[in-house]
Chemist: 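Let me begin by handing over the structure; questions about it come next.
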Amino acid sequence: TREDILEAAARAFARGGFEATTMQDIAQEAGYTPASLYTYFPGKKAIFEELVALLAAEIFQTFDEPVPRSLTFRQRLELLIARQVGLAQKWRDAFAVFFAVRPDGDYVGGGDKGERLAGFDLYCRRFAQWVEEAASEDEMGGKEPIDVAYFFFGTAYAFFLRWLGGPAKANLVDMTPTVLDLFFYGLAGKPAASGGKN
């Protein structure tokens with residue numbers, strides 16, 4: 001029930017923005033009365049905070065899911081990103097709220113910029129830990145795992161925002177090969193000698 005409410009809240013927030021959305025709006029979207037909603041949450045801020053916590057937990061859980069060691073680093077990274085893309089598509093409405101920015105630069109959703117930057121940093125540090133476990137020094141090109149993580153995040157995040165701002169039917173999965181090619185090979189494309197094995 002709580003997850004149903006969170007999903008409904010994500011849709012309501014995405015449609016009306018965090019500030020304008022009321023508990024009545026969320027209740028209507030979830031198919032509950034406002035009074036019954038208060039049985040589960042004390043208010044919309046609590047709903048938003050639990051939505052953030054749930055999404056963060058699901059994203060971070062992808063780092064702990066097993067990845068076959070027989071795969072190349074690119075294949076392991078592709079599998080990780082596929083798992084995260086699946087969550088992004090499932091929670092698209094929630095992401096639309098989290099990353100909505102007004103023209104004055106303030107976030108529409110709850111939380112402040114400092115909290116969001118801390119969240120990005122936490123994600124990149126956990127990603128760096130995963131990279132250190134998933135890739136050899138050669139596969140990382142001699143770079144530090146944290147640098148690899150931030151560089152990949154920057155590339156992927158740009159495509160993620162492009163997807164988030166595009167039509168609802170857009171598929172983030174379709175962008176993944178381009179992100180991986182840019183990350184591993186840059187603008188020059190795949191080197192002929194590598195055969196695409198990295």
Side-chain angles (χ1 to χ4, degrees), residues 1-66 80-130 149 153-154 156-173 175-176:
T1 299
R2 291 178 76 87
E3 187 163 328
D4 287 345
I5 293 169
L6 294 176
E7 289 179 2
R11 292 190 299 272
F13 288 145
R15 189 170 51 251
F18 177 78
E19 292 299 330
T21 300
T22 64
M23 287 292 276
Q24 171 80 32
D25 297 329
I26 296 169
Q28 185 175 352
E29 184 71 35
Y32 292 93
T33 64
S36 63
L37 218 61
Y38 283 105
T39 304
Y40 297 96
F41 297 98
K44 75 174 182 178
K45 185 173 184 221
I47 292 174
F48 185 85
E49 287 170 353
E50 187 158 332
L51 189 56
V52 171
L54 174 65
L55 188 54
E58 288 190 9
I59 290 287
F60 279 91
Q61 184 180 343
T62 64
F63 290 115
D64 298 322
E65 293 175 15
L80 173 70
I81 298 310
R83 292 168 176 166
Q84 294 187 357
V85 162
L87 289 173
Q89 297 204 151
K90 173 187 174 186
W91 290 105
R92 183 182 178 127
D93 289 333
F95 278 117
V97 176
F98 300 153
F99 294 102
V101 180
R102 291 195 301 246
D104 61 7
D106 288 338
Y107 287 100
V108 174
D112 63 24
K113 292 178 191 176
E115 290 172 353
R116 289 167 194 271
L117 291 174
F120 295 152
D121 187 59
L122 187 63
Y123 173 87
C124 285
R125 291 190 181 285
R126 181 60 188 92
F127 189 27
Q129 182 184 346
W130 182 90
F153 176 81
Y157 184 60
F159 278 84
F160 170 79
L161 289 180
R162 179 178 166 194
W163 164 76
L164 198 58
K169 65 182 180 188
N171 192 335
L172 190 54
V173 173
M175 298 180 185
T176 303

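In what follows, residues are counted from 1 in the order of the sequence shown. The structure presented is a predicted model; accordingly, all values stated were derived computationally and were not measured.
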Chemist: Distance from D25 atom CG to R15 atom CZ, nearest 0.5 Å?
Modeler: 7.5 Å

Chemist: Where is the tightest heavy-atom contact between S36 and Y32, given as atom of each residue plus distance?
Modeler: OG-CB, 3.3 Å

Chemist: Nearest 0.5 Å, what's the CD-CZ distance between E19 and F13?
Modeler: 9.5 Å

Chemist: Look at the rings of F95 and F160 and say which category their plane angle falls in: under 30° parallel, 30 to 60° tilted, over 60° perpendicular.
Modeler: perpendicular

Chemist: Would you mind reporting whether W163 and Q89 have side-chain heavy atoms less than 4.5 Å apart?
Modeler: yes

Chemist: Within a strict 4.5 Å, meaning less than it, do heavy atoms of the L37 and Q24 side chains meet?
Modeler: no

Chemist: Taking atom NZ of K90 as the centre, report whether more than 12 heavy atoms of other residues, nucleotides or ligands fall under 6.0 Å from it.
Modeler: yes

Chemist: Would you say the side chains of D4 and T1 form a donor-acceptor pair under 3.5 Å?
Modeler: no

Chemist: Does the side chain of Q84 come within less than 4.5 Å of F127's, by heavy atoms?
Modeler: no

Chemist: Could you report the tightest heavy-atom contact between I5 and I47, atom names first, then the distance?
Modeler: CG2-CD1, 4.3 Å

Chemist: Could you check if a side-chain atom of R92 sits within less than 4.5 angstrom of a side-chain atom of L164, using non-hydrogen atoms only?
Modeler: yes

Chemist: State the OG1-CG distance between T176 and N171, to the nearest 0.5 angstrom.
Modeler: 8.0 Å

Chemist: Does atom CD of Q28 have more than 12 heavy-atom neighbours, drawn from other residues, nucleotides or ligands, at distances under 6.0 Å?
Modeler: no

Chemist: Using a strict cut-off of less than 4.0 Å between a Lys/Arg side-chain nitrogen and an Asp/Glu carboxylate oxygen, indicate whether D64 and R126 qualify as a salt bridge.
Modeler: yes

Chemist: Which atom names give the shortest non-hydrogen contact between P34 and A27, and what distance separates them?
Modeler: N-CB, 3.6 Å

Chemist: With a 4.5 Å limit on heavy-atom distance, are the side chains of F48 and I26 in contact?
Modeler: no

Chemist: Closest approach of A14 and A96, non-hydrogen atoms and distance?
Modeler: CB-CB, 4.3 Å

Chemist: Check the angle between the aromatic planes of Y123 and F60 and answer parallel, tilted or perpendicular using the 30° and 60° thresholds.
Modeler: perpendicular

Chemist: Can you confirm whether more than 12 heavy atoms, excluding those of R162, are under 6.0 Å from its CZ atom?
Modeler: no

Chemist: Check A128 against A149 and note the closest heavy-atom contact, atom names and distance.
Modeler: N-CB, 3.6 Å

Chemist: Do the side chains of E50 and F41 get nearer than 4.5 Å, heavy atoms only?
Modeler: yes

Chemist: About how many Å separate CD1 of I59 and CG of L122, when rounded to the nearest 0.5 Å?
Modeler: 12.5 Å

Chemist: So, for L172 and A88, which heavy atoms are closest and what is the spacing to 0.1 Å?
Modeler: CD2-CB, 3.9 Å

